[in-house]
Amino acid sequence: MAGYEFLDDKGTFRLSNPDLTSYLYFPIANESGVMSSVTPTLGGDCKMGQNTFLLAPVSSEDLHNNKSSRNFWCNVKGKGIWSATGRSAKQEAVLFSKEKEDTVLEAGMMWHKIKRVSKEYGITSEITSFVPYTKDTVELMIVTLKNSGAEPVTFTPTAAIPIYGRSADNIRDHRHVTSLLHRVEVTKEGVILNPTLTFDERGHQKNSVVYGVFGAAMEGEKPIGFYPVAEDFIGEGGNFENPKAVQDDDIPYMTEGFKIDGYEAFGGIRFTENTLAVNEEAAYVIILGFGTSKENLEETVKPFLSINFCKKALEETMAYWRKKLNITYKTGKKDFDSWMQWVNFQPILRRIYGCSFLPHHDYGKGGRGWRDLWQDCLALLLMNPSGVQEMLFDNFAGVRVDGSNATIIGTKQGEFIADRNNITRVWMDHGMWPFLTTYLYIMQSGDINLLLKENTYFKDPQAVRGEEKDDLWKPADGNLLRTSLGEEYRGSLLEHMLIQHLTAFYDVGEHNHIRLRGADWNDALDMAKDRGESVAFTFMYGANLEQMAELLLTLDVLGTHKLLLLKEIALLLSDNPELYDSPVKKQELLFDYCRKCKHTVSGDKLQVSCKELADNLKNKAAWIKNHIRKTEWITDKDGYSWFNSYYDNNGRAVEGDNAKGVRMMLTGQVFAIMSHTADEEQVKDIMSAADAYLYDESIGGYKLNTDFHELKTDLGRMFGFAYGSKENGAVFSHMAVMYANALYQRNFVPEGYKVINSLYRHLCDFSKSRIYPGIPEYVGDNGRGLYHYLTGSASWLLLTVLNEMFGIKGELGGLKLEPKLLLEQFDKDKQASVEFIFADRKLKVAYHNKNSKEYGAYQIGSIAIDGNQSDCDKNHWVINRNILDNLDSNNLHLITVELL
Ligand code: G1P
């Protein structure tokens, strides 16, 4: 089976016969809230949110199960009905025969064009779907029909798009009753649905969203009539893939002014009969639109009723998204460079769709979680750094004074909402992501003073890290932490992060690792609330404490010697090995602190010296490292060694030999390496164990865990998933990429490359992965990529390729160059280059490996900026910030790096 080919270096690709692959979907959306998914036969859906689906919501199984689609029919004189999208009973019946129509997909960021050639009907259709990048709340289809036969062809076209027009909740719940709310009206150009009320989880409310499907032919030619009711269009006994109205003149079409109440609405648009000479074309545009009123909708749709206007909108939309992709690579692996454009694009998609609203992502209501919020900032920092400072700052308002955080994130930046259902769930990893992102920001920008800026804390009834409720808190008190005098309390961002890490440091289980609580990064490790511990993330809290200490020392050098912290934090700053060794004492201290801050805080501040605080944090970090090294290094009966990552709810170590087979999990290994807890020899041991137990080249590389052969209800629901799927032993991209990142960081470069390359090679082999270019959440045991597009792994891959592979990193605002490219990654001119934004400048770093040396053998010989030699320190190649600041900000600057 042929795969896709890239048509340019911007990721535009072509794929033949995509309709011979199931589960394919493609995102088209804009930043004004329109979110669609499109399949090769124009199935999928279109919505602006959980309660405003224009096309009925689809899960992955609906993609082949659902007859509702964006159909476009031609009743061809003398031959009968033909679907220009391939969605007819007749065309589907011949899908697996030689009569199958040839189809070709071409797609780029936010546009999707499918061509279909019918020899039998002598027509070739080309349908381009996109959502204009502008504020317009519409999805467009430009339909071109060409006479590709040998004689003139006469046909009557009918666009046929069911208008669901309500909440996703009603797909089963009150599906029929909600159709009784429908008020449908035919206008000159389309069918408008204006439901009276909405019935969904918010209760019964007056509807405020108007939906419509409109059409125009050629320049300004209006449709001749409409089918506004689904049951009339299909006719008795018919269906959307064999509708009676397109083949039977007995079913009349309606015209402007027709109104009907209480039926499933339908965007059936009849155009006038057309005759095309050989090679002649006809064009139509179909508009799916959302409005706040009939007038608003008609106003929005009006300009798009011109095909030329739509074509211009398409060009502009293509250009708009291309411009957003401001990191481009040029290496000896051309296809990898193009494929990476899709990876770069994915964080943008996730900001638009959240973690919901594509067919595999059939959960949630569009929001992103706390972890995703911070990790998506990683990609933003690299792609569009302006404005990120504010975003980071605002996000800290979600931290609670007990170190946990708000989990419901509002739509406005920095808005956090108390959970109305009062669900207490604390993810133990949440506290460590903000530091990771803030650290990257400081390194990129040099803006270390961000640490000293003050922000509020989040307050709701959850207290004591989810263990208790603050009964004194009332909703009227609002969601800001207050002092006992009722004033808003503010603390520095550094204080926020200190609290997150110090509370975690004391929040240990019986083995003295941080408690797993609700779960950690692995959301499906959610059944070990009482005795579970996550060694995996304890590593990272330790590493962060150490880096935080380094930042404190930098602050000190730069002249900030003292800090003000909330007085109550003094307790958490206890520095005593005896205390550290005792889980019981640690928990007591933590409870003591949390109870003191349960309802309000004193508001008093304590002065600490940066140096002393740094020492304090270093001691804690060192204690964590030593403790894990001493207690969690395991060796199995075959002599493989690695770190145990978890304790279950019965207090048992999870990994190692087991009667049911060896148990190993990747997560702990990734963070052991990334946190520098594993020494060089241990990294080597871990890699051997991972290669022996987790690596499977045929599905893209490193799996998340071995098969436990047990429904381990004392650890998490993941063990209920089939082995090889999702969090139970799939090749889970996010963790695989973080594994690569960790290996690169530790200079295990060929090994890091192997992780990325096996994943990439699998994914870009369409016959195996069966997904369009990009990285999915995971690869299943049959090799298929699942949960495409909306995955945090894209941010991490972007980060890993730029920061590690290309070795382009911020160092307190300076630009550090430390290439970790393998010889095979250089092109035939011995070059590998990348364009990106740094210090508000457009830069291109071009590495020239003139002696064709392998990684490890080459080193940087010289650096020139725009042809002028730069006098960097020869042992530490960093271009200082002031040099970058002096470059003009309009032009691209070339940094040539000679490798010797
Ligand atoms: C998803 C979630 C992420 C979580 C991970 C593992 O990963 O978005 O927060 O940590 O599952 O449970 P993603 O789809 O982003 O790769």
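When a ligand or atom number is given, it counts from 1 through the structure's own listing order.
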Relative to the ring of Tyr772, is the ring of Phe766 parallel (under 30°), tilted (30 to 60°) or perpendicular (over 60°)?
parallel
For Tyr695, does the six-membered ring have the charged nitrogen or CZ of Lys754 within the cation-pi criterion, i.e. under 6.0 angstrom from the centroid and within 45° of the normal?
yes
In terms of relative ring orientation, are Tyr363 and His361 parallel, tilted or perpendicular, with 30° and 60° separating the classes?
tilted
Considering heavy atoms of the protein only, find what lies nearest to atom 8 (O) of ligand 1 and give residue, atom and distance to 0.1 Å.
Asp372 OD1, 3.4 Å
Near Glu727 (heavy-atom distance under 4.0 Å), the atoms of ligand 1 are 6 (C), 11 (O), 12 (O)
List the closest protein heavy-atom neighbour of atom 16 (O) of ligand 1: residue, atom name, distance to the nearest 0.1 Å.
Thr791 OG1, 2.7 Å
Donor-acceptor side-chain pairing of His360 and Tyr25 below 3.5 angstrom:
yes
Relative to atom 15 (O) of ligand 1, which among Gly792, Ala794, Ser795 owns the nearest non-hydrogen atom?
Gly792
Among His361, Arg371, Gln346, the residue with a heavy atom nearest to atom 4 (C) of ligand 1 is Arg371
I want to confirm something. Looking only at heavy atoms, which of His360, Glu777, Lys726, Met718 is nearest to atom 14 (O) of ligand 1?
Glu777
Applying a strict 4.0 Å limit to heavy atoms, is Arg350 in contact with ligand 1?
yes
Quiz question: by atom type and distance under 3.5 Å, do the side chains of Asn384 and Asn326 form a donor-acceptor pair?
no
Could you go through Lys820 and Glu804, starting from their C-alpha distance and side-chain angles, then the distance that decides it, and tell me whether this counts as salt bridge (Lys or Arg N to Asp or Glu O under 4.0 Å)?
CA-CA 6 Å; Lys820 296 182 182 175; Glu804 300 302 330; 3.7 Å; yes
Just checking, is any N or O donor in the side chain of Glu655 or Ser645 under 3.5 Å from an acceptor N or O on the other one?
yes
Minimum non-hydrogen distance to atom 10 (O) of ligand 1, winning option of Trp521, Phe732, Trp796:
Trp521
Number the atoms of ligand 1 from 1 as they appear, then name those within less than 4.0 Å of a heavy atom of Asn522, with their elements.
12 (O)
